[in-house]
Amino acid sequence: MSIINVVDVEATCWEGTPPPGQTNEIIEIGLTVVDLAEGVRTARHRILVRPQRSRVSPFCTELTGLTQAEVDTGVTFAQACKILAAEHNANRLPWTSWGDYDRNQFTRQCKATGVAYPFSHDHTNAKLVFTEAHGLRKRPGMAQALEIAGLPLEGRHHSGEDDAWNIAALVLHLRDGGAWVSAGPS
């Protein structure tokens with residue numbers, strides 16, 4: 001399969017521990033569609049998600065640019081998962097993220113809310129592939145990886161939509177260097 005989804009999420013976060021009764025929840029899902037055969041990013045998407053068990057903190061707004069008022073206009077987590085499957089074939093296509101945070105956050109939140117996991121099990125940890133391809137000792141963050149690859153950071157770092165777009169550029173960099181064979185288990 002030459003089409004993959006590149007996914008990056010932003011979640012509620014705090015400086016320090018979460019306030020009593022609150023937990024990290026996905027508030028933005030960025031998704032970039034990549035055609036590996038053609039070597040291009042073909043589409044970019046953003047799904048805002050309305051948190052149910054937490055609020056957007058000032059720290060979170062500073063980091064992501066997202067406000068409580070903005071995410072209040074989003075869909076529920078269950079609706080977001082249905083959109084991923086119905087509109088983006090997430091349950092059938094291979095997908096990748098930068099590290100395992102995104103996959104683990106979806107797994108946790110699906111389990112906590114009783115929502116069906118929206119993705120296929122064909123996941124690749126792009127950070128791991130990049131680290132191995134470049135012979136690095138430590139796994140770099142996305143922004144550092146872009147520098148190593150000689151690629152620009154496009155948009156705002158810690159915006160799910162922009163980060164997915166940038167991770168997709170790194171996937172194509174790996175593909176062009178022969179390090180990205182295909183999506184597979186992480």
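Note that these values count all heavy atoms, side chains included, but never hydrogens, waters or copies made by symmetry. Throughout, numbering of the chain's residues begins at 1 and tracks the sequence.
Residues I3 and V33 have side chains in contact (heavy-atom distance under 4.5 Å, counting atoms from C-beta outward). Between L170 and L146, the closest side-chain pair of non-hydrogen atoms falls below 4.5 Å. Between D163 and H157, the closest side-chain pair of non-hydrogen atoms falls below 4.5 Å. Between R44 and D162 the shortest side-chain heavy-atom distance falls below 4.5 Å. With a 4.5 Å cut-off on side-chain heavy atoms, V71 and R50 do not count as touching. Residues L136 and I148 have side chains in contact (heavy-atom distance under 4.5 Å, counting atoms from C-beta outward). Under the 4.5 Å side-chain criterion, counting only non-hydrogen atoms from C-beta, T124 is in contact with W180. When side chains are defined from C-beta on, S54 does not count as touching P19, because their heavy atoms never get closer than 4.5 Å.
The two residues A168 and T32 come nearest to each other via the heavy atoms CB-CG2, 3.6 Å. Contact record, A164 with V6: O-CG1, 3.5 Å, taken as the closest heavy-atom pair. Across every non-hydrogen atom of R156 and G65, the tightest pair is NH2-N, 3.2 Å. Scanning both residues, A80 and V49, for their nearest heavy atoms gives CB-CG2, 3.8 Å. Nearest heavy-atom pair, A11 versus C60, reported as atom, atom and distance to 0.1 Å: O-SG, 3.7 Å.
Not a single donor-acceptor pair under 3.5 Å links the side chain of E154 to the backbone N or O of W165. Here the side chain of T64 pairs no donor or acceptor atom with the backbone of H158 at under 3.5 angstrom. The backbone N or O of E25 sits nowhere less than 3.5 Å from a side-chain atom of Q109 that would complete a donor-acceptor pair. When atom types are taken as modelled, the side chain of Q105 and the backbone of N24 share a donor-acceptor pair closer than 3.5 angstrom. Between the N125 side chain and the G99 main chain, a donor and an acceptor come within less than 3.5 Å of each other. At least one donor-acceptor pair under 3.5 Å links the side chain of W95 to the backbone N or O of S120.
Rounded to the nearest 0.5 angstrom, L84 CG and I47 CD1 are separated by 4.0 Å. Note that NZ of K82 is 13.0 Å distant from CD of E87, once rounded to the nearest 0.5 Å. A distance of 9.0 Å separates CG of D102 from CG of D100, quoted to the nearest 0.5 Å. Of the inter-residue distances, the one linking N166 atom CG with L153 atom CG reads 5.0 Å to the nearest 0.5 angstrom. Annotation: the span from Q68 atom CD to T73 atom OG1 amounts to 10.5 Å, rounded to 0.5 Å. Distance CG/N5 to CG/D122: 11.0 Å, rounded to 0.5 Å.
Scored by the side-chain contact (heavy atoms from CB on, under 4.5 Å) test, R46 finds E28, L48, L66, E70, E161 as partners (sequence neighbours excluded). A179 meets the side-chain contact (heavy atoms from CB on, under 4.5 Å) test with A133, L174; sequence neighbours excluded. Partners of A169 according to the side-chain contact (heavy atoms from CB on, under 4.5 Å) rule, which considers only residues two or more places apart in sequence or in another chain, are R41, L151. By the side-chain contact (heavy atoms from CB on, under 4.5 Å) test, V40 pairs with D35, E38, T42, sequence neighbours left out.
The same ILVMFWY cluster, assembled from side-chain heavy atoms under 4.5 Å apart, contains both W98 and I4. A continuous path of Ile, Leu, Val, Met, Phe, Trp and Tyr side chains, each step under 4.5 Å between heavy atoms, connects L36 with F130, placing both in one hydrophobic cluster. The hydrophobic clustering, which links ILVMFWY residues whose side-chain heavy atoms are closer than 4.5 Å, places V7 and V115 together. W14 and L63 are members of different hydrophobic clusters when ILVMFWY side chains are connected at heavy-atom separations under 4.5 Å. Connection of I29 to V75 is established within a shared hydrophobic cluster, with ILVMFWY side chains joined at heavy-atom distances below 4.5 Å, either directly or through further cluster members.
Note: Y117 and H121 have parallel aromatic rings, judged against thresholds of 30 and 60 degrees for the angle between ring planes.
The ring pair (Phe, Tyr, Trp, His ring centres under 6.0 Å) analysis of residues 65-88, with sequence neighbours excluded, yields the pairs H45-H88, F77-F106. Pairs passing the side-chain hydrogen bond (donor to acceptor under 3.5 Å, both in side chains) check and including a residue from residues 129-142, sequence neighbours excluded, read H134-H173.
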